[in-house]
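Keep in mind the model is a prediction, meaning the values are calculated, not measured. When reading the values below, keep in mind they use all heavy atoms of this one structure, side chains included, and skip hydrogens, waters and symmetry mates.
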Amino acid sequence: MGGWASAERRRALREQLVAWQRQHGRNDLPWQRPATPYRVWISEVMLQQTRVETVVPYFERFMGHYPQVADLARAELDDVLGLWAGLGYYARARNLHAAAQRIQIEWGGELPEELEALQALPGIGPSTAGAIRSLGHGLPAPILDGNVKRVLARIAGIEGWPGRSPVARELWALSAALVPEEDCRRFNQGLMDLGALVCTPREPACLLCPLASICTARATGTPEAYPTPRPARQRPRRPVRLLLIEHADTLLLERRPASGIWGGLWSLPECPPEQDPLTRAQALGAHCVPTGELPQRHHALTHFELVLQPMRLQWSAAATAVGEPGRQQDWFRPGQEALPGLPAPIRRILRDAGYPIEEGPRGP
DNA sequence: AATGCGGGGTT
DNA sequence: AACCCAGCATT
């Protein structure tokens with residue numbers, strides 16, 4: 001950390017950042033009024049790898065349903081997943097639900113203050129634990145999300161991709177060394193706000209930065225070179241055939257396995273590459289005839305790209321083999337009843353097929 | 001220590 | 001098309 005071990009420099013940085021946050025930071029986000037540990041927790045989990053603007057409407061709707069830990073703890077998992085549908089990373093919703101039940105039982109409905117206790121809960125890692133303790137409880141704790149990684153890497157000139165352990169350790173050490181005993185809530189909020197508003201990935205606004213005079217990356221003339229980007233990765237394409245089976249005004253949906261992509265959500269039945277779609281439909285309980293084409297949809301994930309190939313089929317007669325063991329499937333009426341929580345790309349395919357599916361979070 | 005996991009916005 | 005985002009769990 002070099003010169004950052006100096007107490008003088010740390011103190012100057014804290015004071016300038018806290019003053020900047022008070023004047024220019026974000027102080028009106030939904031989870032900041034009021035900033036209770038519960039609300040901070042829910043927002044932090046929603047914000048994992050997800051942008052603020054995307055989260056805001058989901059957070060408001062979620063709080064309307066589950067204003068307290070106890071409400072979430074006694075909710076049905078399916079309802080929680082339904083409110084999460086469209087946000088992605090659905091394991092987050094399952095972890096949230098399980099953690100709420102543990103908080104209710106083990107902590108009397110109050111989130112613990114200690115980092116170790118917070119991290120013992122499912123879905124809470126080092127950064128979310130630090131955020132709950134500092135932003136929620138107002139106690140000192142370091143955080144290290146994407147914004148903070150960028151800000152600290154630039155200030156201290158830390159080289160290397162933060163996904164590598166030695167680099168991450170150095171960033172955590174710096175974040176911890178900077179944490180003030182007092183005003184930690186505003187200080188951490190300032191780190192995040194600076195990354196979001198000034199110290200942006202490209203074209204950082206160094207002229208507006210309260211830390212420009214002490215910033216290592218700024219002195220190099222190319223601050224945007226920090227942090228080192230992740231190594232280029234190849235992203236293979238994976239074709240996935242989906243069956244849109246219709247019968248009168250009903251549509252066949254299937255629940256996904258709890259683990260894996262779209263875990264626990266409902267979706268269109270998938271047809272394995274080696275299987276004939278009509279044979280697959282028959283195994284699901286429906287003799288079918290093809291009834292038309294639907295456009296392909298590309299769905300990019302971190303490490304591969306799905307090429308979704310929906311096939312539209314019409315139920316013609318009941319098959320002898322009805323259903324499959326270990327799988328849950330059912331007919332739904334898209335126009336007349338609320339559909340279960342569906343992944344965003346599946347909702348898009350249903351829109352392509354002419355069903356009245358809206359974008360974004362659905363109404364309460 | 002490295003990899004899998006959604007979805008959207010920006011450039 | 002590539003990159004990034006208020007990361008965590010699993011191996």
Side-chain angles (χ1 to χ4, degrees), chain A residues 25-26 29-32 35 40-59 84-96 98-99 118-132 134-136 142-151 161-169 171-172 175 188-197 200-203 224 227-238 256 259-265 267 297-306 308 341-348 359-361:
Chain A
R26 299 172 292 184
L29 293 167
W31 42 90
Q32 294 177 316
V40 168
W41 170 44
I42 301 299
S43 72
E44 285 298 323
V45 173
M46 286 186 170
L47 287 161
Q48 288 166 8
Q49 298 298 98
T50 311
R51 292 172 183 277
V52 169
E53 313 80 64
T54 304
V55 164
V56 167
Y58 284 88
F59 177 83
W84 208 271
L87 263 185
Y89 285 123
Y90 299 98
R92 294 186 294 177
R94 285 195 297 279
N95 286 334
L96 209 60
L118 287 166
Q119 280 197 67
L121 295 166
I124 299 182
S127 193
T128 300
I132 294 171
S134 61
L135 306 180
I143 58 171
L144 193 65
D145 61 32
N147 283 323
V148 178
K149 285 175 188 170
R150 186 171 56 253
V151 169
W161 176 48
R164 294 185 59 245
S165 289
V167 182
R169 267 199 302 275
L171 290 167
W172 269 112
S175 183
N188 278 350
Q189 189 65 47
L191 281 179
M192 293 190 287
D193 291 348
L194 195 64
L197 304 174
T200 50
R202 277 159 294 197
E203 299 183 25
E224 65 276 9
T228 307
R230 75 175 297 153
R233 56 185 183 274
Q234 55 190 8
R235 204 161 55 178
R237 290 186 175 184
R238 183 187 304 174
R256 307 272 316 178
S259 64
I261 187 171
W262 306 332
L265 267 72
S267 177
R297 283 285 188 173
H298 289 245
H299 181 61
L301 284 73
T302 309
H303 296 288
F304 56 94
E305 180 177 348
L306 297 178
L308 305 175
L342 299 172
I346 301 299
R347 292 166 70 181
R348 269 186 221 108
E359 292 198 55

CG of A:Leu87 versus P of B:dG7: gap in Å, rounded?
9 Å
Measure NE2/A:His298 against P/B:dG6 and give the value in whole Å, please.
19 Å
Closest approach of A:Tyr90 to A:Ala344 (non-hydrogen atoms, all atoms of both residues):
OH-N, 4.3 Å
Residue list, salt bridge (Lys or Arg N to Asp or Glu O under 4.0 Å) with A:Arg297, at least two apart or on another chain:
A:Asp352
Using a 4.0 Å heavy-atom cut-off across all strands, classify A:Gly163 as base, sugar-phosphate, or nothing.
nothing
Please give, in whole Å, the distance from B:dG6 C1' to A:Arg92 CZ?
8 Å
Hey, does A:Ile124 reach any base, or is it just sugar-phosphate, or nothing, if we go heavy atoms under 4.0 Å?
sugar-phosphate
Do any N or O atoms from the side chain of A:Ser127 and from the backbone of A:Leu144 form a donor-acceptor pair under 3.5 angstrom?
yes
Using the closest heavy atom to pick a nucleotide of DNA chain B for each, name whichever of A:Arg164 or A:Gln48 lands nearer the 5' end.
A:Arg164
Residue closer to the 5' end of DNA chain C, A:Pro122 versus A:Ala196 (nearest nucleotide):
A:Ala196
Provide, to the nearest angstrom, the distance between the CD atom belonging to A:Glu305 and the C1' atom belonging to B:dC5.
16 Å
For A:Phe59 and A:Trp31, take the angle between the two ring planes, folded into 0 to 90°, and tell me which bin it lands in: parallel under 30, tilted 30 to 60, perpendicular over 60.
perpendicular
Chain A footprint on DNA chain C, 5' to 3' - any atom under 4.0 Å from a heavy atom:
C:dC4 to C:dA9
So A:Ala300, base contact, sugar-phosphate only, or nothing? Heavy-atom distance under 4.0 Å.
base
Quick one: salt bridge (Lys or Arg N to Asp or Glu O under 4.0 Å) partners of A:Asp193, sequence neighbours excluded?
A:Arg26
Please examine the side chains of A:Thr228 and A:Val167, heavy atoms only from C-beta on, and report whether any two atoms are closer than 4.5 Å.
no
For the residue pair A:Ala99 and A:Trp41, what are the closest heavy atoms and their distance?
CB-CZ2, 3.6 Å
Rounded to whole Å, please give me the gap between CZ in A:Arg347 and P in B:dG7.
10 Å
Which of the following nucleotides, B:dA1, B:dG7, B:dT11, is nearest to the side chain of A:Ser165?
B:dA1
Classify the nucleic acid contact of A:Leu265 as base, sugar-phosphate or nothing, counting any heavy atom under 4.0 Å across all strands shown.
nothing
Any side-chain N or O of A:His299 less than 4.0 Å from the OP1 or OP2 oxygen of B:dG7?
yes
With a non-hydrogen cut-off below 4.0 angstrom, is A:Arg169 in contact with a base, only sugar-phosphate, or nothing?
sugar-phosphate
What does A:Trp161 touch in the nucleic acid at a heavy-atom separation under 4.0 angstrom: a base, only the sugar-phosphate, or nothing?
nothing
If you look at every strand shown and take non-hydrogen atoms under 4.0 Å, does A:Gln189 touch a base, only sugar-phosphate, or nothing?
base
A:Phe304 vs A:Glu53, nearer the 5' end of DNA chain B by closest nucleotide
A:Phe304
Nearest-nucleotide 5' precedence on DNA chain C, A:Gly123 against A:Leu29:
A:Leu29
Using a heavy-atom cut-off of 4.0 Å across all strands, would you classify A:Ser127 as base, sugar-phosphate, or nothing?
sugar-phosphate
At 4.0 Å (heavy atoms only), tell me whether A:Ala131 reaches a base, stays on the sugar-phosphate, or touches nothing.
nothing
Search all heavy atoms of A:Arg256 against all heavy atoms of A:Ser267 and return the closest pair with its distance.
CD-CB, 3.7 Å
How is A:Ser43 classified with respect to the nucleic acid when contacts are heavy atoms under 4.0 Å: base, sugar-phosphate, or nothing?
nothing
Atom CD of A:Gln49 and atom C1' of B:dT3 are separated, to the nearest Å, by 13 Å
